[in-house]
Amino acid sequence: MSIKSSIKRAIYHSGYYSLLHRFGVGGGPRLLILMYHDLVSEKVRNESWFDSYKLSESEFRAHIEEVQRLFRVMTVEDAVAEIKGEGQLREPTVAITFDDAYSTFYDVAYPILRELGASATVYVPTDWVSGSLRPWWLVLEQMCKELHRREMPVAKFLEVAAMKELAQRLPRPARNEWNKFKEQFESVLRGMPESEIDRHLTEIGNEVGIESDRLEFETTPMSWDQIAELAAAGIRFGAHTESHRDIRHLSDQEVREEFARSKEIVEKRSSLPVTGFAFPYGMDEDCYARLNALLEECGFSYACTARHGVNASSRNPYMLRRTTLPHTTSRALLYRQLVLDYRQQPST
């Protein structure tokens, strides 16, 4: 055990975090929103080297059990309604959210939520569920899997792909770890206009003998039938645009259409009112702040970013921050992280 881990364990067993949690914080109860994307079953993670970095079902279960032990758990929709109706939350609250409507929400997450009596909100990029969107990050993932099967070293891929303006921004891989390289490469591409990302992936695919537009994804979205089934069972659904494009690169009219049409489609398919929105990529708060009035005009009562933080009841509901928990089943580590995340200084 490292010195750092030993110190963390000693602090936990001293009761320090328990005291922090017991005495609460000033300014009234806060809303901590957990953010998830794709999950993986234990069986798949044990059998697939590429999925080893994904959150497992046992880790997700540990997260929810610890959250329920420490806080009241409710949907973002109900928390926002309580704040609007009463001026603040009645008690410290955690909400659970998932972006992108991966099929693993239906197969892995929902059975655990149902068993533990918890709900969640899933933000749906409608074009992907409808079959007209090929997410670029999944193209990259499938390309890396295929090149690994061909036993192409990562270093060789960087060399033959002629990615000069991209490769120089990537650390040279010490080992042939395609899953880690994929994460690094994805971080370089993220933030570019989607047309530019698609061009890079097409050119790279041509160099290494892969037709990127013909790759079959192993990762899939939920179906509309599954979404309707879950909506009837108490899961809430929100909008995540139609195309999952970065809003920073869209015209005002395109943004308006992405907001309005995605809300309309999710409402029709889920047979539930949609009051929540999550920004794709979610990091540019300056950009999103200019869209608050449009979100309200489109009928949304709140919006989530991907910026880390906890939300005071006075927080702008169209700029809610979220947090992620570590990939662990350790009660001590999760307790520490939840207490510290809840007690951090909320943004205004």
Side-chain angles (χ1 to χ4, degrees), residues 1 5 8-9 12-13 17-18 21 30-79 91-124 179 183 218-223 226-227 229-238 276 278 304 306 308 310 322-342:
M1 182 183 299
S5 297
K8 287 181 180 179
R9 184 178 293 273
Y12 169 73
H13 287 294
Y17 298 118
S18 180
H21 181 61
R30 297 170 175 180
L31 174 62
L32 187 66
I33 305 174
L34 302 185
M35 178 175 64
Y36 297 96
H37 288 81
D38 198 8
L39 301 182
V40 66
S41 68
E42 303 297 337
K43 181 177 184 295
V44 170
R45 192 163 79 165
N46 289 337
E47 294 178 354
S48 172
W49 63 272
F50 202 91
D51 291 317
S52 61
Y53 71 94
K54 295 180 181 178
L55 188 76
S56 73
E57 58 184 322
S58 62
E59 290 167 337
F60 179 67
R61 176 185 291 276
H63 289 189
I64 305 308
E65 289 177 342
E66 190 64 10
V67 164
Q68 289 181 315
R69 192 176 72 84
L70 296 173
F71 300 98
R72 175 181 65 165
V73 179
M74 64 195 312
T75 64
V76 188
E77 287 77 7
D78 289 341
E91 55 187 285
T93 301
V94 168
I96 302 161
T97 66
F98 280 78
D99 287 5
D100 300 336
Y102 287 99
S103 60
T104 52
F105 179 84
Y106 184 88
D107 296 329
V108 180
Y110 176 64
I112 294 171
L113 293 169
R114 180 182 57 197
E115 178 187 339
L116 299 178
S119 189
T121 303
V122 181
Y123 302 104
V124 183
N179 51 353
E183 291 184 68
E218 296 173 20
T219 301
T220 59
M222 286 190 282
S223 69
Q226 289 173 331
I227 287 173
E229 176 188 339
L230 294 180
I235 297 298
R236 298 300 302 263
F237 289 90
C304 289
H308 181 83
V310 66
R322 295 187 281 177
T323 191
T324 57
L325 294 178
H327 290 206
T328 182
T329 58
S330 166
R331 174 177 169 177
L333 184 55
L334 291 170
Y335 185 16
R336 169 185 178 274
Q337 193 64 51
L338 283 163
V339 170
L340 293 180
D341 280 347
Y342 182 80

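- In this structure, Y123 OH and H37 NE2 are separated by 11.5 Å, a value rounded to the nearest 0.5 Å.
- Atom NE2 of H327 is separated from atom CG of L333 by 11.5 Å, given to the nearest 0.5 angstrom.
- Put simply, the side chain of R331 never gets that close to the backbone of E66: no donor and acceptor are under 3.5 Å apart.
- For E59, the salt bridge (Lys or Arg N to Asp or Glu O under 4.0 Å) partners two or more places apart in sequence, or in a different chain, are R45.
- Nearest heavy-atom pair, P92 versus F71, reported as atom, atom and distance to 0.1 Å: CB-CD2, 3.7 Å.
- The ring-ring contact (aromatic ring centres under 6.0 Å, His included) check on F98 picks up Y36, F60, F105, with sequence neighbours excluded.
- Residues forming a side-chain hydrogen bond (donor to acceptor under 3.5 Å, both in side chains) with D107 (at least two apart in sequence, or on another chain): none.
- Closest of all the heavy-atom pairs between M74 and D78 is CE-CB, 3.5 Å.
- Partners of Y110 according to the side-chain hydrogen bond (donor to acceptor under 3.5 Å, both in side chains) rule, which considers only residues two or more places apart in sequence or in another chain, do not exist here.
- Listed by chain and residue number, nothing satisfies the salt bridge (Lys or Arg N to Asp or Glu O under 4.0 Å) test with R236 (two or more places apart in sequence, or in another chain).
- For E218, the salt bridge (Lys or Arg N to Asp or Glu O under 4.0 Å) criterion is met by K145, R149, not counting sequence neighbours.
- To the nearest 0.5 angstrom, M35 atom CE is 8.0 Å from T323 atom OG1.
- Note that OG1 of T104 is 3.5 Å distant from CG of D38, once rounded to the nearest 0.5 Å.
- A search for side chain to side chain contact (heavy atoms under 4.5 Å, CB included) contacts involving T220 returns S103, not counting sequence neighbours.
- The minimum heavy-atom distance between R322 and A278, with the atom names listed, is NH2-CB, 4.0 Å.
- Side-chain N or O atoms of T121 include none that pairs as donor or acceptor with a backbone N or O of T75 at under 3.5 Å.
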Where do K54 and V108 land on the side-chain contact (heavy atoms from CB on, under 4.5 Å) test, with the steps shown first? CA-CA 12 Å; K54 295 180 181 178; V108 180; over 6 Å; no
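- A search for side-chain hydrogen bond (donor to acceptor under 3.5 Å, both in side chains) contacts involving D100 returns H240, H244, not counting sequence neighbours.
- Closest non-hydrogen pair, I96 versus S119, comes out as CD1-O, 3.7 Å.
- Checked against salt bridge (Lys or Arg N to Asp or Glu O under 4.0 Å), R72 has the following partners two or more places apart in sequence or in another chain: E82.
- For Q337, the side chain to side chain contact (heavy atoms under 4.5 Å, CB included) partners two or more places apart in sequence, or in a different chain, are L325, P326, D341.
- For the atom pair CG of L338 and CZ of R69, the computed distance is 9.5 Å after rounding to the nearest 0.5 Å.
- Inter-residue side-chain proximity for M222 and V122 is flagged as met; some heavy-atom pair is nearer than 4.5 Å.
- Nearest heavy atom pair, residue V67 against residue L34, reads CG2-CD1, 3.8 Å.
- Minimum interatomic distance between I235 and A120 (heavy atoms only, all atoms of both residues): CG2-O, 3.6 Å.
- Residues satisfying the side-chain hydrogen bond (donor to acceptor under 3.5 Å, both in side chains) test with E57, not counting sequence neighbours, are none.
- Residues that satisfy the side chain to side chain contact (heavy atoms under 4.5 Å, CB included) test with E65, not counting sequence neighbours, are R61, L116.
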